[in-house]
*Asks:* 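Structure incoming, see below.
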There are 2 protein chains.
Amino acid sequence: MTPKVLLVEDEAPIREMMSLALSKVGYTIIEAEDAASARKRMLDDLPDIMVVDWMMPGESGIEFVRSVKSESLTKQIPVIMVTARAEEDDRVRGLEVGADDYMCKPFSPKELAARIKAILRRTNPQLTDAPIEVNGLRLEPDSHRVFANDKSLELGPTEFRILHFFVTHPERVYSRGQILDYVWGSNVYIEERTVDVHIRRLRKALTPAYNGLVQTVRGAGYRFSTRS
Amino acid sequence: MTPKVLLVEDEAPIREMMSLALSKVGYTIIEAEDAASARKRMLDDLPDIMVVDWMMPGESGIEFVRSVKSESLTKQIPVIMVTARAEEDDRVRGLEVGADDYMCKPFSPKELAARIKAILRRTNPQLTDAPIEVNGLRLEPDSHRVFANDKSLELGPTEFRILHFFVTHPERVYSRGQILDYVWGSNVYIEERTVDVHIRRLRKALTPAYNGLVQTVRGAGYRFSTRS
DNA sequence: CGCCGATATGACAATATTGTGACAAAAAAC
DNA sequence: GTTTTTTGTCACAATATTGTCATATCGGCG
């Protein structure tokens, strides 16, 4: 799952320099040479972050960013503005229209990579939830822990995610396919039987006190329920 | 280490009045005139407390606080809400979205400083530079030293900062990226694996008595916890 | 009972993640 | 300037996790 970077820059040499540097560091690069095509690529490819040149023929980078940041579908995509000028004023204007960071040419590829990385890191914060308790079984998302009557249980990462999903979606049957979607993500090809194995591992970790909570529904899937 | 206060207030005169008064009392002030730039400054500068105006053009203070308090990275930053109205109802709503205190205009700079101090004292004891002790492990912020049962430990500067961060944010998992943000700052380009190395150095320095405190959570990050 | 499909379980190799020692560059101390 | 400490990164080792399989067990049904 390498992050996708959309480069919007009219000058081909600069674009290619950036593209090369970034793909070397492990990003997937999408290029656009003007605002119009950028708009298209943005909607088609859903980049994780955009690097936009300030000065471009036609619609300027500023206008482009402003419109991107005013549409709900795209406003959350972080943007780094790039400009030749280093005026404090520009910086302010850039950030004003909603850019998340600002760089002046010339800059090193390394610096660009660094900023992208920093922004992705902080715009992707894990959301937290309050602890969930059911029948003396407590799951704390913050500390990433599960307690059975205050005794800590050892769960693997996947088992933790499954339990988290179950605890937040109780009393309802989910097929193996649905569980794969919710816990692993939609675009993953994994045998459905693998769910069985992880269910078993989860039950084992909950043994002996709480394994009745994870119930098999023959022909349908699994269910998390406090009712037997 | 003077506490950093982020002022979010659209009216410049009021903002400056507050800024002046607070910096006189020894705080570092960061100003923002709307929610968008406040968000940026918040992530860049990691303030210790925020003072947010209720009524602002664009995204209101209420919405801003709600979103701040729902993100793991920022939810623990205390917030004081400021409003022109003195309705009991407002107070309830303000505290409901997660604000830690509530003030009505007009207020004296002195009162503001007092409230900030009170909140910092109860939510961020380390800013008062008071030693922090946990399980016989004592960390003294002013002397920059750590003692295990009164025997001084040799920590490097970075290890000290990590431990300081951990001690003040216990019982909770932080990803390598979050630890980088908090300990190194948001704008550095450092390999996430570097955190591992420093964690190891920290553990080594705490060995043998206290290394169980720094726990690895596979697939998630690290956690400082007194519970096994 | 004996059959069938569905589910449980143990084992295992492939992967992924984390721990660790070494090292050179940078920073700080002298 | 030189020496010492600290820092970030790497390569490799040590572990833990993951997905899949083969096989056992189960549940229902004629």
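Chain A is the first sequence line, chain B the second, and so forth, proteins listed ahead of strands; every chain is numbered from 1.
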*Asks:* Listing time: all N or O pairs from protein to nucleotides 20-25 of chain D that are below 3.5 Å?
*Replies:*
{"residue": "D:dT20", "atom": "OP2", "partner": "A:Glu191", "partner atom": "N", "Å": "2.8"}
{"residue": "D:dT20", "atom": "OP2", "partner": "A:Thr194", "partner atom": "OG1", "Å": "2.6"}

*Asks:* With a 4.5 Å heavy-atom cut-off, do A:Ile49 and A:Val79 have their side chains touching?
*Replies:*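 A side-chain contact is absent here, since even the closest heavy-atom pair is not under 4.5 Å.
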*Asks:* Show every salt bridge (Lys or Arg N to Asp or Glu O under 4.0 Å) that has at least one partner inside residues 189-200 of chain A, sequence neighbours left out.
*Replies:*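 Of all non-adjacent pairs touching residues 189-200 of chain A, those that pass salt bridge (Lys or Arg N to Asp or Glu O under 4.0 Å) are A:Arg176-A:Asp196, A:Arg193-A:Asp196.
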*Asks:* Where along residues 152-162 of chain B does a heavy atom come under 4.0 Å from DNA chain D, residue by residue in number order?
*Replies:*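 Correct list: B:Pro157, B:Thr158, B:Glu159.
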*Asks:* If the threshold is 4.0 Å, N to carboxylate O, is there a salt bridge linking B:Arg161 and B:Glu159?
*Replies:* no
*Asks:* Between atom CZ in B:Arg200 and atom P in D:dC12, what is the gap in whole Å?
*Replies:* 17 Å
*Asks:* Side-chain contact test, heavy atoms from C-beta onward, threshold under 4.5 Å: evaluate it for A:Met56 versus A:Asp53 and give yes or no.
*Replies:*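 Yes, at least one pair of side-chain atoms sits under 4.5 Å.
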*Asks:* In whole angstrom, what separates B:Leu202's CG from D:dT7's P?
*Replies:* 12 Å
*Asks:* Quick check: are there more than 12 heavy atoms from other residues, nucleotides or ligands sitting under 6.0 Å from CZ of B:Arg227?
*Replies:*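 Result for CZ/B:Arg227: enclosed.
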*Asks:* Between B:Thr216 and B:Arg223, does any side-chain donor sit less than 3.5 Å from a side-chain acceptor?
*Replies:*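 Checked: B:Thr216/B:Arg223 side chains show no N/O donor-acceptor pair below 3.5 Å.
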*Asks:* Please list, in 5' to 3' order, the outermost nucleotides of DNA chain C lying under 4.0 Å from any heavy atom of chain A.
*Replies:* C:dG5 to C:dA11
*Asks:* Both A:Val217 and B:Ile199 contact DNA chain C. Which one's nearest nucleotide lies toward the 5' end?
*Replies:* A:Val217
*Asks:* Measuring from atom CZ of B:Arg138 to atom CZ of B:Arg145, what distance do you get when rounded to the nearest 0.5 angstrom?
*Replies:* 9.0 Å
*Asks:* Return the angle between end axes of the helix from C:dC1-D:dG30 to C:dC30-D:dG1, with five pairs used per end and rounding to 10°.
*Replies:* 30°
*Asks:* Is any side-chain heavy atom of B:Trp184 closer than 4.5 Å to one of B:Ile179?
*Replies:*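 B:Ile179 vs B:Trp184: side chains touch.
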*Asks:* Judged by each residue's nearest nucleotide on DNA chain D, which is more toward the 5′ side, A:Val188 or A:Arg218?
*Replies:*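 The answer here is A:Val188.
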*Asks:* Quick check for you: to the nearest 0.5 Å, what is the distance between A:Leu112 atom CG and B:Tyr189 atom OH?
*Replies:* 10.5 Å
*Asks:* The criterion is side-chain hydrogen bond (donor to acceptor under 3.5 Å, both in side chains); which residues satisfy it with A:Thr194, sequence neighbours excluded?
*Replies:* none
*Asks:* Between B:Phe165 and B:Tyr174, is the gap from one ring center to the other below 6.0 Å?
*Replies:* yes
*Asks:* Ignoring backbone atoms, test whether B:Trp184 places a side-chain nitrogen or oxygen under 4.0 Å from the OP1 or OP2 oxygen of D:dT7.
*Replies:*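 Looking at the OP1 and OP2 atoms of D:dT7, neither is under 4.0 Å from any side-chain N or O of B:Trp184.
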*Asks:* Rounded to the nearest angstrom, tell me the gap between atom CG in A:Leu180 and atom P in D:dT18.
*Replies:*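 Spelled out: CG on A:Leu180 to P on D:dT18 is 13 Å.
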*Asks:* So how far is it from B:Thr158 OG1 to B:Leu202 CG, rounded to the nearest 0.5 Å?
*Replies:* 10.5 Å
*Asks:* For A:Glu154, I'd like to know if atom CD has over 12 heavy atoms of other residues, nucleotides or ligands within 6.0 Å.
*Replies:*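 It does not: A:Glu154 CD has 12 such atoms or fewer within range.
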